[in-house]
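What follows is one structure encoded as structure tokens, with my remarks underneath.
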Protein chains: 2
Amino acid sequence: MGTRDEIAALPPESDLTRADSLAREIFSDVANKWALLIIEFLGIRTMRFGELRDAVGGISHKMLTQNLRTLERNGLVTRTVHPTIPPRVDYSLTEAGDALRAVVDGMCDWTQRYLGHIESSRSRYDS
Amino acid sequence: MGTRDEIAALPPESDLTRADSLAREIFSDVANKWALLIIEFLGIRTMRFGELRDAVGGISHKMLTQNLRTLERNGLVTRTVHPTIPPRVDYSLTEAGDALRAVVDGMCDWTQRYLGHIESSRSRYDS
DNA sequence: CTGGATCCGATACGATACTG
DNA sequence: CAGTATCGTATCGGATCCAG
């Protein structure tokens with residue numbers, strides 16, 4: 001009765017189609033360059049603020065603190081302050097953070113694997 | 001003779017530590033909210049420009065075209081123009097794009113799984 | 001319908017200076 | 001050493017108008 005076409009034309013289904021606004025917000029929080037890089041490097045081992053800055057590389061003091069605060073608020077990173085002089089602060093992944101790290105690992109692997117493919121695609125496109 | 005401590009203090013190893021600037025640039029291209037959402041939805045099926053805009057939701061005309069161009073340039077998305085009136089343009093994932101989609105799927109799963117965890121962590125942090 | 005161009009506000013980001 | 005605050009600048013991103 002003409003409904004087949006309409007069904008076929010319906011919007012697609014996926015986790016994010018069904019997701020509420022909170023899921024979208026979290027996805028946006030997490031799907032950003034600095035947050036993922038921080039997760040990736042903290043996955044190697046617990047690090048101090050300065051170590052993390054050097055490891056990530058190219059991130060400013062301000063962006064690092066800002067992203068670490070968001071990560072801490074979302075419960076992906078724990079912040080341990082040692083009341084010494086000079087102060088020492090250790091950052092490490094929570095269980096949730098480590099689970100995300102596994103995903104980011106996959107993304108790093110993907111980047112390595114398709115590096116050449118992407119490079120040649122770019123030169124083709126730019127010509 | 002005292003080198004053990006220095007070795008222990010060396011920067012950590014990881015795919016991204018060894019990565020050259022190109023890998024970093026690609027990672028930055030890919031690790032952004034809109035690009036990942038587009039990849040995720042195109043993974044369901046080939047879509048036209050308008051369908052994709054509706055599916056992603058909340059993305060502006062400008063951001064969609066802009067991100068699609070970058071995705072196309074990097075060889076993650078193919079753009080097929082049908083010379084009809086009105087014009088019809090289909091977007092779909094390449095093999096590289098589909099490989100990335102698998103990673104993004106993992107990220108969507110992660111979001112769903114830790115949604116409650118993150119929500120409670122936030123209220124704890126905000127108090 | 002798709003897509004480019006432009007204007008304009010929001011915010012991401014870097015540099016710097018200051019505190020404990 | 002770690003963190004906050006402030007100031008510019010650059011890029012992000014939305015709204016709108018016009019063209020094929």
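Below, chains carry the letters A, B, ... as their sequence lines are ordered, and counting in each starts from 1. Predicted model only: the values in this text are computed from it and were never measured.
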>> Reading DNA chain C from 5' onward, which residue's closest nucleotide shows up sooner: Gly50(B) or Lys62(B)?
In response: Gly50(B)
>> Heavy-atom nearest nucleotide on DNA chain C for Pro87(B) versus Asn32(A): which residue maps closer to 5'?
In response: Pro87(B)
Nearest-Å distance for atom pair [atom1]/[atom2], residues [X] and [N]:
X        : N       : atom1 : atom2 : result
Ile38(A) : dC13(C) : CD1   : C1'   : 14 Å
Gln66(A) : dA2(D)  : CD    : C1'   : 16 Å
Leu52(B) : dC1(C)  : CG    : C1'   : 14 Å
Ile59(B) : dG14(D) : CD1   : P     : 7 Å
His61(B) : dC1(C)  : NE2   : P     : 11 Å
Arg79(B) : dT2(C)  : CZ    : P     : 10 Å
Ile85(A) : dT19(C) : CD1   : C1'   : 13 Å
Arg53(A) : dG14(C) : CZ    : P     : 13 Å

>> With side-chain hydrogen bond (donor to acceptor under 3.5 Å, both in side chains) as the test, pick out the partner of Asp29(A) among Asn67(A), Asn74(A), Thr70(A).
In response: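 Answer to the side-chain hydrogen bond (donor to acceptor under 3.5 Å, both in side chains) test with Asp29(A) among Asn67(A), Asn74(A), Thr70(A): Asn74(A).
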>> Using a heavy-atom cut-off of 4.0 Å across all strands, would you classify Arg69(B) as base, sugar-phosphate, or nothing?
In response: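 Counting heavy atoms under 4.0 Å across all strands, the contact made by Arg69(B) is with sugar-phosphate only.
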Pair [X] + [Y], salt bridge at N-O below 4.0 Å:
X         : Y         : value
Asp105(A) : Arg101(A) : yes
Arg122(B) : Glu25(A)  : yes
Arg79(A)  : Asp90(A)  : no
Glu51(B)  : Arg45(B)  : yes

> Among the nucleotides dG3(C), dC1(D), dG3(D), which one has an atom lying closest to any side-chain atom of Arg48(A)?
Replying inline: dC1(D)
>> Quick check for you: among dG3(D), dG13(D), dG14(C), whose closest atom lies nearest to any side-chain atom of Met63(A)?
In response: dG14(C)
> Quick one: is Trp34(A) getting a side-chain N or O under 4.0 Å of the dC13(C) phosphate, OP1 or OP2?
Replying inline: yes
> For dG3(D), does OP1 or OP2 lie under 4.0 Å from any side-chain N or O of Tyr91(A)?
Replying inline: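 For dG3(D), OP1 or OP2 has a side-chain N or O of Tyr91(A) closer than 4.0 Å.
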> Excluding sequence neighbours, so at least two apart, what forms ring-ring contact (aromatic ring centres under 6.0 Å, His included) with Trp34(B)?
Replying inline: none
> What bend angle does the helix from dC1(C)-dG20(D) to dG20(C)-dC1(D) show across its length, from five-pair end axes and to the nearest 10 degrees?
Replying inline: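 For the helix from dC1(C)-dG20(D) to dG20(C)-dC1(D), the axes at either end differ by 40°.
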> Would Leu64(B) and Leu52(B) satisfy side-chain contact (heavy atoms from CB on, under 4.5 Å), going step by step from the backbone distance to the final call?
Replying inline: CA-CA 9 Å; Leu64(B) 184 54; Leu52(B) 193 52; 4.1 Å; yes
